[in-house]
Number of protein chains: 2
Amino acid sequence: MTGQVRTVDGRVAGRRGQATRQKLLDCLSEMLSSSPYRDVKVIDVARKAGTSPATFYQYFPDVEGAVLEIAEQMAAEGAELTELVAGRSWVGKAGWQTAQELVEGFLEFWRRNDAILRVVDLGAAEGDKRFYKLRMKILNSVNNSLSDAVAELQSKGKVDKDVNPAAVAGSLVAMLAAVASHQKGFTSWGVKQAELKPNLALLVHLGVTGKKPTK
Amino acid sequence: MTGQVRTVDGRVAGRRGQATRQKLLDCLSEMLSSSPYRDVKVIDVARKAGTSPATFYQYFPDVEGAVLEIAEQMAAEGAELTELVAGRSWVGKAGWQTAQELVEGFLEFWRRNDAILRVVDLGAAEGDKRFYKLRMKILNSVNNSLSDAVAELQSKGKVDKDVNPAAVAGSLVAMLAAVASHQKGFTSWGVKQAELKPNLALLVHLGVTGKKPTK
DNA sequence: TCGGTAAGCTGACGGCATGACAGGACAAGT
DNA sequence: ACTTGTCCTGTCATGCCGTCAGCTTACCGA
């Protein structure tokens, strides 16, 4: 089932090959963190991995292809985001707790993977379907959970009927992602990291429930 | 005062030179809309403008430099965003109106300039100070207005004291920008354009005032 | 009208990244 | 030792980058 790892020309990769491949991915990942996407060259990645450009092209069609691979791995790990929202309560003090933990976990995940997420975001915004589906895959768990929570509160009459749960959930998730990408930007608006989180949590809680949290 | 337009090697650009320069910028702008940022080459831009790569380098240090120029022009136009928020009321029906018009105007502005804004966003996220300041310049008017609005409501006791106006405003602006960049993404979550706007307006209103709008 | 001067443009070039291929090195089984 | 298939790299044609010298064009004052 788990499709074997293959080289570009169709051979199956053995133990050594997979190690090389992974090393290339790791080095690419590092490069993405330290220099602008536009300037990341195959030759640099290969050099850093102690191999040659030709080797890189044996495993990946181009830089973009390798980035997709890294992103795919990250998306798999991103399942951890599900735990932040699945089956949580959004009423009373527990609701405030849920919002806080969601914000905390989301920002942490984004910070840990910011370099690749930046590129995924760019690809998605440019309309590349592969990146775009990947972005959905990563955000889906959170998005669906939030959407369900809104829909449930709505069915109980606690949220207005003309609210579209998917739209609200998507917007909140987009907000979290954007703020995470530009965390540094906030400091120059005089907002400290620590202050940011509770305010974000407040917005999430307001968006989901329509009410201020009880703390 | 208005620093004369200069070539890279210090000459002042005359009428003809400025026209060429602008043509290059226009063509670059077009290219950014139609192909991924990473694949935009100087030679393509030059060809499209009916000139040679050497001419491009006469006016700009590199692609990034030219993009900054385009973004700068756009930031100047972006003053129109100020009108969406300056001196508006956030109470009662007028408040709902303000939120709606802000969302509408913001999305429109972003859609019109999405290609350059994508690149600015990327540059800012990568930590490039020039892009980062540019992004602030564009968003500042909206951000400051929202921040002021929250602070005012706060001083009247209508918003909790532990809310940080700048953090809330910044987060809302980031949300608007992110949603605008990924508008297409929402359609595959089953959310239509037309549905998106009122829900965004709702979130903005909730964030600023802490209350549901009266419609 | 006629230089003189500065603006404007380009051909050409060394340098480097890309992407493809064929062939050599290596490990594992027989 | 020999075979087989994996793994890596040297090499090469191609194409973009970024620079420079030098040519053309426009403007201006005498």
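In what follows, chains are A, B, ... by sequence order, proteins preceding strands, each numbered from 1. Bear in mind the structure is a predicted one, so any value in this text is a computation, not a measurement. Atom set for the values below is all heavy atoms of this structure, side chains included, hydrogens, waters and symmetry mates excluded.
If you take CZ of A:Arg38 and P of C:dA17, they are 15 Å apart, rounded to a whole angstrom. Rounding to whole angstrom units, CD1 of residue B:Ile43 and C1' of C:dG15 are separated by 15 Å. The CD-C1' distance, from B:Glu64 to D:dG18, rounds to 16 Å in whole Å. Distance CE (B:Met31) to P (D:dC16): 12 Å, rounded to an integer number of Å. In this structure, A:Arg6 places its CZ atom 14 Å from P of D:dG5, rounding to the nearest Å. Distance CG (B:Asp39) to C1' (D:dC16): 13 Å, rounded to an integer number of Å. For the pair A:Lys41 NZ and C:dG15 C1', the interatomic distance rounds to 13 Å; values are reported in whole Å. As a whole-Å value, the separation of A:Phe60 CZ from C:dA20 P is 15 Å.
None of B:Arg118, B:Arg112, B:Arg111 except one satisfies the side chain to side chain contact (heavy atoms under 4.5 Å, CB included) rule with B:Asp114; the exception is B:Arg118. A side chain to side chain contact (heavy atoms under 4.5 Å, CB included) with B:Val173 is found for one member of B:Val168, B:Asn140, B:Leu146 and no other, namely B:Leu146.
Between A:His205 and A:Trp96, the ring planes are perpendicular. Angles over 60° get that label, and only those under 30° would be called parallel. Ring orientation note: the planes of A:Phe60 and A:Phe56 are tilted relative to one another, at an angle of 30° to 60°.
A close approach under 4.0 Å does not occur between any side-chain nitrogen or oxygen of B:Tyr57 and OP1 or OP2 of D:dT19.
A donor-acceptor pair shorter than 3.5 Å can be found between the side chains of B:Gln97 and B:Glu101.
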Could you go over nucleotides 7-11 of chain D and give all protein N or O partners under 3.5 Å, atom names and distances?
unit_1, atom_1, unit_2, atom_2, d
D:dC7, OP1, A:Gly14, N, 2.4
D:dC7, OP1, A:Gly14, O, 3.3
D:dC7, OP1, A:Gly17, N, 3.1
D:dC7, OP2, A:Val12, O, 3.3
D:dC7, OP2, A:Gly14, N, 2.9
D:dC8, OP1, A:Thr20, OG1, 2.2
D:dC8, OP2, A:Tyr59, OH, 2.8
D:dC8, N4, A:Gln58, NE2, 3.3
D:dT9, OP2, A:Thr51, OG1, 2.5
D:dT9, OP2, A:Ser52, N, 3.4
D:dT9, OP2, A:Thr55, OG1, 3.1

Evaluate B:Arg47 against B:Asp44 for salt bridge (Lys or Arg N to Asp or Glu O under 4.0 Å), listing each step before the verdict. CA-CA 5 Å; B:Arg47 259 201 283 265; B:Asp44 296 323; 3.7 Å; yes

